[in-house]
Amino acid sequence: MTLILNTWIFENDVKKGVSQVDLVKRVAALGADGIEVRREYFKDFDVELAAVAKAARENDLIVNYSVPDVIFEADGTINPKLPQYFAEGKQMGIVKIKFNTGNFSSYHGDLAKDLSKLPLAEIKMNVENDQTPVSGTPDAIIKFLTAARNAGLNSIGYVYDLGNWAFTGFDAVLAAKQLASYCDYIHLKNSMLDSEGHMITTDDLDKGMFNWKIICSYLPHDVQFALEFPMASDQDVAAQIKLFQENI
């Protein structure tokens with residue numbers, strides 16, 4: 001089982017100025033197989049991208065890249081920044097790059113022509129269910145991935161993000177069943193309502209509204225998994241890794 005640690009885990013340290021470069025060695029020490037770096041956490045791309053690549057090689061870690069942007073703009077056009085994001089990923093030696101679909105329903109171009117300009121043979125492009133009505137529904141994900149496959153873009157995959165279903169109100173089990181055949185990567189986090197009635201991400205897979213073990217039974221297991229929720233200490237991270245390993 002391949003386990004990745006998303007750097008959102010270390011949010012408190014990042015806020016204090018800890019670099020994602022420094023987190024690479026820490027992720028390796030925790031026994032994970034890889035790190036998923038977040039674009040919004042970088043401060044100096046010129047320095048940090050190459051440093052992440054070097055640290056990952058030295059610690060034999062997979063690197064994935066989470067980009068908080070869309071493939072399709074609000075008017076349906078292709079995001080012109082996509083080549084830049086892939087270039088950043090190449091500098092880090094990434095395996096996967098993750099986007100939100102965006103407004104694919106307004107796209108009217110040639111998908112094969114437009115997306116084949118990207119280095120999809122070198123870097124796996126994934127989309128996830130986000131927390132928006134535009135690209136956070138099973139129908140939106142299926143519509144795009146079906147079109148991608150029909151265009152011969154079979155390398156484009158899907159990240160099943162468990163916690164995000166709490167924010168869009170869709171049935172996570174039904175979504176798992178509908179999207180399993182497209183699933184290439186699984187982001188694990190749980191969600192619940194706080195005392196003020198706001199939906200929050202919890203700090204424990206076993207704490208929240210989802211039975212993650214049952215939901216994972218409907219999803220493929222020969223894919224990468226990532227823990228993606230803030231935790232207070234490396235001891236907590238180690239405990240959640242153990243929980244995952246004992247149940248998947």
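Worth knowing before you read on, the calculation uses all heavy atoms, side chains too, and leaves out hydrogens, waters and symmetry mates. Positions are given from 1, in the same order as the sequence printed here.
Residues V14 and K43 come closest through the heavy atom pair O-NZ, 4.2 Å. Between L111 and Y107, the closest heavy-atom pair is N-OH, 3.1 Å. Closest approach of V134 and A140 over heavy atoms only: O-CB, 3.4 Å. Considering all non-hydrogen atoms of both residues, L145 and G157 come closest at CD2-O, 3.9 Å. Of all the heavy atoms in M199 and S191, the pair that sits closest is SD-CB, 4.0 Å. Considering all non-hydrogen atoms of both residues, P68 and R39 come closest at CD-CB, 3.9 Å.
Within a 6.0 Å radius of NZ in K124, more than 12 heavy atoms belonging to other residues, nucleotides or ligands are found. Around atom NZ of K213, more than 12 heavy atoms belonging to other residues, nucleotides or ligands sit under 6.0 Å away. By the neighbour-count criterion of 12 heavy atoms within 6.0 Å, atom CG of D110 is densely surrounded, having more than that number from other residues, nucleotides or ligands.
To the nearest 0.5 angstrom, R149 atom CZ is 10.5 Å from I156 atom CD1. With values rounded to the nearest 0.5 angstrom, I9 atom CD1 is found 11.5 Å from D203 atom CG. In this structure, CG in L49 is found 5.0 Å from CD in Q91, a value given to the nearest 0.5 Å. Put simply, CD1 on I142 and OG1 on T101 are 11.5 Å apart, with the number rounded to the nearest 0.5 Å. Note that the NZ atom of K25 and the CG atom of L61 stand 11.5 Å from one another [nearest 0.5 Å]. Taken from CE in M1 to CG in N247, the straight-line distance is 11.0 Å, to the nearest 0.5 Å.
A donor and an acceptor atom, one from each side chain of W212 and D206, are located under 3.5 Å apart. Between the side chains of Y158 and N129, at least one donor N or O sits under 3.5 Å from an acceptor N or O. Defined by atom type and a distance below 3.5 Å, a donor-acceptor pair is missing between the side-chain atoms of N64 and E36. Between the side chains of T137 and D139, no donor N or O sits under 3.5 Å from an acceptor N or O. A donor and an acceptor atom, one from each side chain of D204 and Q240, are located under 3.5 Å apart. Inspection of the T2 and D33 side chains reveals no N or O donor paired with an N or O acceptor under 3.5 Å. Checking S66 against K98 by side-chain atom types alone, a donor-acceptor pair falls below 3.5 Å. Checked by atom type, the side-chain pair S105/N103 shows a donor-acceptor distance below 3.5 Å. With no hydrogens or angles considered, a side-chain donor-acceptor pair links Y182 and T146 at under 3.5 Å.
Using a 4.5 Å heavy-atom cutoff, the side chains of V52 and F42 are in contact. Considering only heavy atoms from C-beta on, L193 stays 4.5 Å or farther from I200 through its side chain. Within the 4.5 Å cutoff, no side-chain heavy atoms of V18 are placed close to those of F10. Taking 4.5 Å as the limit, every side-chain heavy atom of E73 sits out of range of all side-chain heavy atoms of S106. A 4.5 Å side-chain heavy-atom check between V95 and Q224 finds at least one atom pair inside the cut-off. No side-chain heavy atom of I123 sits less than 4.5 Å from a side-chain heavy atom of K96. Contact annotation: the side chain of L30 approaches that of L5 to within less than 4.5 Å [non-hydrogen atoms, C-beta and beyond]. Residues I248 and C216 are in side-chain contact: their nearest non-hydrogen atoms beyond the backbone lie under 4.5 Å apart.
Not one N or O on the side chain of N79 forms a donor-acceptor pair closer than 3.5 Å with the backbone of I71. For the pair D194 (side chain) and H198 (backbone), a donor-acceptor distance under 3.5 Å is present. Using a distance-only test at 3.5 Å, with no hydrogens or angles considered, no donor-acceptor pair links the side chain of H187 to the main chain of E128. Remark: side-chain polar atoms of D75 are paired, donor with acceptor, to backbone N or O of T77 under 3.5 angstrom.
Both F45 and V21 sit in one connected hydrophobic cluster of ILVMFWY residues. Membership requires side-chain heavy atoms under 4.5 Å apart, directly or through other members. Note: the hydrophobic cluster containing L227 does not contain M192 (ILVMFWY, side chain heavy atoms under 4.5 Å, direct or indirect links). Grouping the Ile, Leu, Val, Met, Phe, Trp and Tyr side chains by contacts below 4.5 angstrom, directly or via other members, places I214 with W165. The hydrophobic clustering, which links ILVMFWY residues whose side-chain heavy atoms are closer than 4.5 Å, places V159 and L205 apart. Clustering ILVMFWY residues whenever any of their side-chain heavy atoms sit less than 4.5 angstrom apart, transitively, puts F170 in the very cluster that holds M209.
In this structure, Y85 has its ring center no closer than 6.0 Å to that of Y65. Between F72 and F144, the distance separating the two ring centers is shorter than 6.0 angstrom.
F225 pairs with exactly one of F244, Y160, Y185 by the ring-ring contact (aromatic ring centres under 6.0 Å, His included) rule, that one being F244.
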Note to self: Is there a salt bridge (charged side-chain N to carboxylate O under 4.0 Å, His left out) between R38 and E228? Walk through the geometry before answering.
What the structure shows: CA-CA 11 Å; R38 301 175 72 92; E228 191 198 25; 3.1 Å; yes
Item checked: Worked verdict on V27 versus I4 for side chain to side chain contact (heavy atoms under 4.5 Å, CB included) -> CA-CA 9 Å; V27 166; I4 310 293; over 6 Å; no
Next item on the list: Begin from the C-alpha positions of T201 and W8 and carry the test side chain to side chain contact (heavy atoms under 4.5 Å, CB included) through to its verdict.
Entry: CA-CA 11 Å; T201 298; W8 190 26; 3.7 Å; yes
Item checked: Worked check of side chain to side chain contact (heavy atoms under 4.5 Å, CB included) between I97 and N126 -> CA-CA 6 Å; I97 190 167; N126 282 326; over 6 Å; no
Check: Taking it one step at a time, do L82 and K117 satisfy side chain to side chain contact (heavy atoms under 4.5 Å, CB included)?
Finding: CA-CA 10 Å; L82 294 183; K117 298 172 184 176; over 6 Å; no
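Taking the charged nitrogens against the carboxylate oxygens, E122 and K90 do have a contact shorter than 4.0 Å, which makes a salt bridge.
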